[in-house]
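Inspection log for the structure reproduced underneath, given as C-alpha cells.
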Amino acid sequence: MAAELTAHQLIAQHRPTLDLALETIRTRAYWSPHPEHPKAYGENGSLDTAAGKAAFDALSGTRLDLGQPGTDGWVGGEVSPYGIELGVEYPHADLDVLLPAMQVGQKAWRDAGAELRAMVCLEILKRIADRTMEFAQAVMHTSGQAFMMAFQAGGPHAQDRGMEAVAYAYVEQSRTPETAEWTKPQGKRDPLALTKRFTPVPRGIGLVVGCNTFPTWNGYPGLFASLATGNAVLVKPHPRAVLPLALTVQVARDVLTEAGFDPNLVALAAERPGEGIAKTLATRPEIRIIDYTGSTAFGDWLEANARQAQVYTEKAGVNTVIVESTDDYKGMLANLAFSLSLYSGQMCTTPQNLLIPRDGIRTDQGVKSYDEVTADVARAVDGLLGDDARANALLGAIVNPDVKARLEAAAGLGEVALASREVAHPEFPGAVVRTPVIVKLDGAKPEDEAAYTSECFGPVSFAVAVDSADHAVELLRRSVREKGAMTVGAYTTDPEVEEAVQEVCLDEAAQLSLNLTGGVYVNQTAAFSDFHGSGGNPAANAALCDGAFVANRFRVVEVRRPA
C-alpha cells in the first residue's frame, strides 16, 4: 500500500517545529507548541472540552481493537478513582506471536533515517494533541487527577516531554555524519583513501512499563526516545491506567501505517488481573530497552535482573525542603501549601520533609518558632483547601487503597499539626478525596528517624525539627545519598546556608529550587528547560530528558570501503 503521508509532506509540516525544539533545548528558554489552556482547543481540528468528553464517553462498552497480531483474548475492568467503571476492553497478546511480529518492520524503520523518524514521531504527537481533551478525560479517570491537572499534565505537558525526547534523539543521532571521505597522507606514496558510512542502528524492542499516576507524562519520554532512535516499542500499561496509553498506541499505529511503515513497530501489552507480565517481558531476549516509573522495589529488580536490556528507571525518593529563613513569609507559606496539596501529594516530586530549626527562623515578619512555622504551614494548607470546590480541583482523588492506608497510618507517627479530612465530590460521590496530613517529628530522636527517612507516597508531610541549619544540611545530604530525591527545596536569606545546600545538591546530584514564593512550585518541571530527576542519586538512574537518556538506545555502525 502506498504511503498516504510522504516524507516530503511530513518534513514540510514538522521540520520547523523540530528546529524550534532543537533551539530550545540548547537555550533552555520557555517554549511549548501545545497550549495549556482549555480555551485554545476546538480549533484547527482539535476537540474542545465537550467533544473530548463525548469521545471519552463513547469509548465505554467498546473493544479497542488495535489490529495487533497474536491477540488471544480481551481484558479490561478499569475503575476510575472517581468511582465509575470505564468499560473498555483491550487486546491480550500472545507474546510469542507479537514480539516476533514487532521485529519485522525494524529494518525499514532503521533505514528511514533519523530525520524521517523524527517527523513521524511529531505527527503522532500532533494527532494526540488534536485529541487532548479526550486524553484528559482518560488520564483523569485512570490517575485520579482533577480535570485541569489531567488536561495539562496528561496533555500538553506530556506532549512537550515526548517532543523533547524526539529532539534529543535527533541531536544524538545526527552528531555523527552519514558519510565521510577519509584520506591519510603517506608521504611520497599515494594517500590512503576510504569512503565511510555511519548508520544509527536500534538496540531492539523497547518496553515502556507505565505508571498509574502519570501514564502519559511519564510514559511518553521513553516511548518517543526509543521510537525516534529506530526501535520498536511495546507499551505495558499499569493495569489501572491502560486507556491513555492504549489510545496512544492506537494513534501511533495509524500514523505508522499512513507513513508506509509497519504498524507493529508500536504495540500494546495489556494484562489479565494478577497476571504480572512486566517481569516476564523484562527478561525476554527480544526486549533490549526498558523504561520504568514506579516503586523502588520493582525498579531495583529491573536493574538487577533485566541484564539483556538497557534499563531506565524513575523510582522513588524522599524529597526535602529546608526552611531556614525567608524575606517573604506569606509567599513561602502559600507556595508550600500548594506544593503539599497538588494532586494529593501523589507526585514523585512532592515535598515530604520540611526541615525547620527548632529555635525558629528569621522572616520579614520577625522570628518564627518551629511551632509557629509548622502551625502556619498547616493553616495555609487548611485555608487553601477550606472550600470544597477548590479542594476537589487541587486534590483530585486518591489513586489507590495503598495511598489511603499510608495517609491514615501517618497520624500515628507523631503529633498531628494538620489532620486530614474527607472532601465530598459533588459530581463523583464514589471518589475518595482527602486533604493532606502534617505530622511533627524530631530530627534528633532516633525513634522518629524511620518515619522521615522512608518515602510515604501520598498526602503526607513531616515537619521535622532540627538543631540548626548545619543539622538540616547534614540530614539532607544523608537522605539524598541513601534514599534519593527527585526534588530539593530551600528557603534561606543566608548566603552561607544557600551555598551549603547547593553544594550538597551538586555532590549528590539532586535538582534544587531556591526560595520559590510565586507561581512556580518545587514539584513542577518544564520540558525543554528543566531536568526531571538527575540519574545521579537513588531516586532515578536517568533524567528526563538529556542526551544520556537517548544516546544508549542506538549504536552507530560503520561501513568503510576504498574510495
Legend entry - Glu85 atom CD, over 12 foreign heavy atoms within 6.0 Å: no

Where the side chain of [X] meets the backbone of [Y], is there a donor-acceptor pair that is under 3.5 Å apart?
| X | Y | result |
| --- | --- | --- |
| Gln13 | Gln9 | no |
| Glu271 | Ile277 | yes |
| Asn231 | Gly204 | yes |
| Glu89 | Gly76 | no |
| Asn537 | Ala485 | yes |
| Ser420 | Arg434 | no |
| Thr71 | Gly67 | no |
| Gln152 | Glu36 | yes |
| Gln308 | Ala282 | yes |
| Asn392 | Ala424 | yes |

If we ignore angles and hydrogens, is there a donor and acceptor under 3.5 Å between the side chains of [X] and [Y]?
| X | Y | answer |
| --- | --- | --- |
| Glu275 | His92 | yes |
| Arg421 | Thr435 | no |
| Thr248 | Tyr220 | yes |
| Arg203 | Asn552 | yes |
| Glu303 | Thr313 | yes |
| Ser341 | Arg390 | no |

Between the side chains of [Y] and [X], is the shortest nitrogen-to-carboxylate-oxygen separation below 4.0 Å, so that they form an ion pair?
| X | Y | answer |
| --- | --- | --- |
| Glu455 | Lys483 | no |
| Arg240 | Glu78 | no |
| Glu115 | Arg15 | yes |
| Lys107 | Asp262 | no |
| Lys126 | Glu123 | no |

Inset, instruction - Could you label the plane-to-plane angle of the Phe151 and Phe147 rings as parallel, tilted or perpendicular, counting under 30° as parallel and over 60° as perpendicular? - result: parallel

With a 4.5 Å heavy-atom cut-off, do [X] and [Y] have their side chains touching?
| X | Y | answer |
| --- | --- | --- |
| Leu47 | Phe56 | no |
| Ile124 | Ile128 | yes |
| Leu59 | Leu247 | yes |
| His157 | Gln524 | no |
| Val88 | Ser60 | no |
| Thr487 | Gln511 | no |
| Val249 | Tyr90 | no |
| Leu385 | Pro436 | yes |

Legend entry - From CD1 (Ile205) to CD (Gln103), nearest 0.5 Å: 4.5 Å

Inset, instruction - Taking the six-membered ring for Trp and the single ring otherwise, decide whether the centroids of His141 and Phe428 are under 6.0 Å apart. - result: yes

Legend entry - Check: Phe298 ring centre within less than 6.0 Å of Tyr292 ring centre: yes

Legend entry - Step-by-step side-chain contact (heavy atoms from CB on, under 4.5 Å) determination, Leu223 to Asp291: CA-CA 8 Å; Leu223 192 166; Asp291 287 276; over 6 Å; no

Inset, instruction - Give the C-alpha distance, both sets of side-chain angles, the deciding distance and a yes or no for side-chain contact (heavy atoms from CB on, under 4.5 Å) between Met163 and Ile25. - result: CA-CA 11 Å; Met163 186 175 292; Ile25 62 174; over 6 Å; no

Legend entry - Heavy-atom pair of closest approach, residues Ser339 and Thr350: O-CG2, 3.7 Å

Inset, instruction - Apply side chain to side chain donor-acceptor pair (under 3.5 Å) to Gln159 and Thr132, showing your working. - result: CA-CA 9 Å; Gln159 295 153 21; Thr132 289; 3.0 Å; yes

Inset, instruction - Please lay out, stage by stage, how Glu172 and Arg553 fare under the test side-chain contact (heavy atoms from CB on, under 4.5 Å). - result: CA-CA 10 Å; Glu172 294 303 323; Arg553 295 172 191 263; over 6 Å; no

Legend entry - Stepwise side chain to side chain donor-acceptor pair (under 3.5 Å) check, Ser226 with Arg288: CA-CA 10 Å; Ser226 286; Arg288 304 304 302 275; over 6 Å; no

Inset, instruction - Cation-pi check, Arg110 to Phe554: give yes when NZ or CZ is under 6.0 Å from the six-membered ring centre and within 45° of the ring axis, no otherwise. - result: no

